[in-house]
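Residue numbering restarts at 1 for every chain, and letters A, B, ... go by the order of the sequence lines.
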Amino acid sequence: MADLPILQFEETIMKAVEENTVVVIIGETGSGKSTQLSQILHRRGYTKSGIVGVTQPRRVAAVSVARRVSQELGVRLGDEVGYAIRFEDRTSERTRIKYLTDGVLLRESLSNPELDEYSVVILDEAHERSLNTDILLGLMKRLVERRASNFKVLITSATLDGEKVSQFFSECPVVRVPGKLFPVEIVYSHERPVSYLESSLATALDIHMKEGEGDVLIFMTGQDDIDKLVSKLEDRVRSLEEGSCMDAIILPLHGSLQPEMQVRVFGPRPPNCRRFIVATNIAETSLTVDGVVYVIDSGYVKQRQYNPSTGMYSLDVVQISKVQAHQRAGRAGRTRPGKCYRLYPSAVYEDEFLDVTIPEIQRSSLAGSVLYLKSLDLPDIDILKFDFLDSPSPESLQDALKQLYLIDAIDENGLITRIGKTMAELPLEPSLSRTLMEANEHGCLSQALTVAAMLSAETTLLPGRSKNTEKKRKHDYLDLPDGSGWGDHIQLLQIYECWHQTNYDIDWCKDYQLQVRGMKFVKDVRRQLSQIMQKIAKGPLDVQISRRWKESQQDYHNLRRALCVGYANQLAERMVYHNGYRTLGFKPQVVQVHPSSVLKPDDEGKLPDYVVYQELIATSRPYLRTVCAVNIAWVTPILDKVNKININKLSGGIGRIEEHTEENMSDLPKTDNVVAAVPDDHESKIQAARERFLARKGKK
DNA sequence: GAGCACTGC
């Protein structure tokens, strides 16, 4: 601890903090910023007038850093040093240093917008630019003006991007702290690989034959490629065995792996052995593998992005940014000098890679964030002029406003409604919180709570596609309830109700191949949602089991109607001659129900005329994921509302966001009072970056 | 009849 670089900068940092309200700290990996900054401030008396809060983008980081700091200070975790993550608040009245996820701090500002119990807030890992961090940055900017006398903000970033953050905070000082990484030699390819999979394979074998001890970390874009490379490596390494003096262990590493499998990557390594870890970008930030000396970087990442004009998400393989390339290379220099093999020429890196990753706020649907900001009810904040470090596109903000209006969270003037205010308190996406509100009016709150909770964990619920599914099991996945013909939401409800009837038996989950961790998470979410709904609940919150078929059909009917109201912006109509659907409310998209859905054609081979969907996502083609059948009678009033939307009024009559978006808004009333806005330098840079990005996408 | 990168309240 004593040799952490940051400690030599204590005086510099403190001088900057004393003289300024905001300070940016640039510290590379190993500088000790996450554990030491809070302690420095503590030593210097900043915990006397309030708490020093340190945000982290991830839960595990918040917990592990808090644990380490409590050890270093020799106090019990939860006393002077504590942490707060969802479902777990390990702080007490004595807590002076508090680690928390940025999502938790956002929730706290909902009930206490001035954050007056904090004397300092440190936004750690701000360079990762998570959606939540970006919103916090905007809120902090406002807060430091209001609380300038007794509040400090420190923002840490691992990259040169600190200058930009400094500009954002009126040219606040930037302190640079060196990291403790060993040098990493960068080796570029001479040309673009024909197949980066083959190229990775060849490079990995080359390292194994020629290089000294040390593990190899290979970055791939997804599970399929990881599995392919793992099996190819297995084959080739075996045939090389006489040529090499080392044994090889080949390990996949990605988010869908069961935790038990992930542990193999972090366990002790047998001597005289080289491990090949074939990973997604999970190994870029979330997980650190010890012993890595060689990194193979394909230069690609699979990235999820949102198109606000179609309401469609897509998962695309895109080039990484220079920052990401730097981060990947850094993974080779943690224990001793390393090497990073970039499977692309240096000219590609220089000319084609973006400097920084496009922040999440420019790649996501913003309905939830906009609702959150509106609910803060700060008279001095106008959402459309909200000061973001990087603004989301005008289309994206308009899309969010339209969505919120369609589900009654804001009125036609863009003002938050009473319903919207309650919705914002729920840790759910707006469509689901609106469903809960509606269900509460129609006697099916209990069922809606279950569905909302199930959807909060849905992706981790079902077992991953593992190669060894030959394990013996009592039931097949097909034995699970089938949604009674109404679709996936009803199926999720039925699954949870079955589990409830087994008294939440863990073995039951295992028998049905449901992820135990996922199901426990659902139970926690359901409890949390019930607590929030308690004060306005008009019916029971606990799981209700209907004895009779007719009763449950009535429940399903009410629930589907509530879902239809909540998902007003996620409606689709079946096409006349086949089972394709057309989305309603957006620029119409022709889509298919995802094959994993339990919704199946009826005896005449037809799917329901109308469905709501949880997600519209283009993978190999556009799909509706997680769908529920609804009645046309519920749909008609929504479509009437869609046709009457006046986006100009919703945006508070501000013309400036009209001019970029004419093309997407052709179905909406045209306004002739469009103000020609001159994009400032900041905006045009963003625009340029977007265009470069889109052009690159088009090329592929 | 296809398949989902990674987080978080």
Side-chain angles (χ1 to χ4, degrees), chain A residues 55-62 84-89 100-111 125 128-136 219-227 253-257 279-287 298 300-305 313-318 320 324 327 357 359-361 363-364 368-369 371-372 375 423-430 432-433 452-453 456-467 521 524-525 528-529 531-532 579 592-601 614-615 617-626:
Chain A
T55 68
Q56 295 290 325
R58 280 171 295 280
R59 302 159 53 110
V60 277
I85 58 176
R86 189 178 189 178
F87 307 134
E88 206 184 346
D89 185 350
L100 68 175
T101 47
D102 40 23
V104 168
L105 190 61
L106 280 176
R107 285 289 140 190
E108 288 186 5
S109 2
L110 205 51
S111 49
E125 315 289 1
E128 290 188 24
R129 303 294 306 277
S130 77
L131 187 52
N132 286 340
T133 307
D134 269 22
I135 290 172
L136 278 174
F219 285 100
M220 305 296 282
T221 58
Q223 193 187 328
D224 281 345
D225 285 349
I226 288 174
D227 290 348
L253 180 59
H254 54 80
S256 325
L257 269 188
T280 58
N281 53 329
I282 196 169
E284 224 170 72
T285 49
S286 306
L287 298 174
S298 62
Y300 289 102
V301 67
K302 197 175 279 179
Q303 199 170 259
R304 184 177 152 108
Q305 29 225 358
Y313 277 96
S314 57
L315 276 165
D316 307 309
V317 173
V318 298
I320 57 173
Q324 273 175 297
Q327 176 72 23
T357 315
E360 206 183 338
I361 200 164
R363 292 188 281 117
S364 322
S369 303
L371 179 62
Y372 171 83
S375 78
M423 284 167 58
E425 285 178 47
L426 290 156
L428 291 171
E429 51 187 278
L432 285 173
S433 46
S456 298
E458 210 239 352
T459 46
T460 51
L461 224 53
L462 307 176
R465 302 170 281 148
S466 54
K467 290 269 160 72
F521 183 82
D524 283 337
V525 175
Q528 187 188 29
L529 297 177
Q531 272 168 13
I532 298 169
N579 278 332
Q592 302 288 324
V593 174
H594 196 279
S596 66
S597 174
V598 287
L599 197 64
K600 293 289 180 268
Q614 166 71 18
E615 187 177 51
I617 183 157
T619 47
S620 57
R621 57 200 287 189
Y623 286 112
L624 302 179
R625 271 185 74 261
T626 315

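- Taking CD from Q56(A) and OG from S130(A), the interatomic distance works out to 10.5 Å, rounded to the nearest 0.5 Å.
- Proximity of T101(A) to the phosphate of dC9(B): a side-chain N or O atom is located under 4.0 Å from OP1 or OP2.
- For R304(A), counting side-chain heavy atoms from C-beta on, the closest listed nucleotide (dA5(B), dG8(B), dC9(B)) is dA5(B).
- The distance between atom CG of L315(A) and atom C1' of dA2(B), rounded to the nearest whole Å, is 14 Å.
- What separates CG of N132(A) from P of dC9(B) is a distance of 8 Å, to the nearest Å.
- Spacing between atom CG of D102(A) and atom P of dC9(B) amounts to 8 Å, rounded to whole angstrom units.
- Closest contact between the side chain of R86(A) and the listed nucleotides dC9(B), dC6(B), dA2(B) involves dC9(B).
- Set against dA5(B), dG1(B), dC9(B), the side chain of T280(A) has dA5(B) as its closest nucleotide.
- Across the protein-nucleic acid pair, I361(A) atom CD1 and dT7(B) atom P stand 20 Å apart, rounded to whole Å.
- What separates CZ of R621(A) from P of dA2(B) is a distance of 7 Å, to the nearest Å.
- Close to dC9(B), at under 4.0 Å from its OP1 or OP2, lies a side-chain N or O of R59(A).
- Backbone-only engagement by R58(A) is indicated by non-hydrogen atom pairs under 4.0 Å involving sugar-phosphate atoms exclusively.
- The nearest heavy atom of DNA chain B to I85(A) and to N281(A) marks one nucleotide each, and the one closer to the 5' end goes with N281(A).
- The two residues Y300(A) and T221(A) make their nearest non-hydrogen contact at CB-CG2, 3.6 Å.
- Between D89(A) atom CG and dC9(B) atom C1' the separation is 14 Å, expressed in whole Å.
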query = For Q327(A) and E128(A), what are the C-alpha separation, side-chain angles and deciding distance, and is it a side-chain hydrogen bond (donor to acceptor under 3.5 Å, both in side chains)?
reply = CA-CA 11 Å; Q327(A) 176 72 23; E128(A) 290 188 24; over 6 Å; no
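- The side chain of V104(A) approaches dC9(B) more closely than any other nucleotide in the set dA2(B), dG8(B), dC9(B).
- Atom CD in E284(A) sits roughly 13 Å away from atom C1' in dT7(B) (whole-Å rounding).
- Of the candidates dA5(B), dA2(B), dC6(B), dA5(B) carries the atom nearest the K302(A) side chain, counting heavy atoms from C-beta on.
- Taking all atoms of both residues into account, the shortest heavy-atom contact from F219(A) to S298(A) is O-OG, 3.2 Å.
- Closest contact between the side chain of S286(A) and the listed nucleotides dC6(B), dC9(B), dA5(B) involves dC6(B).
- Y300(A) places its OH atom 18 Å from the P atom of dA5(B), with the value rounded to the nearest Å.
- The backbone N or O of T101(A) sits nowhere less than 3.5 Å from a side-chain atom of R59(A) that would complete a donor-acceptor pair.
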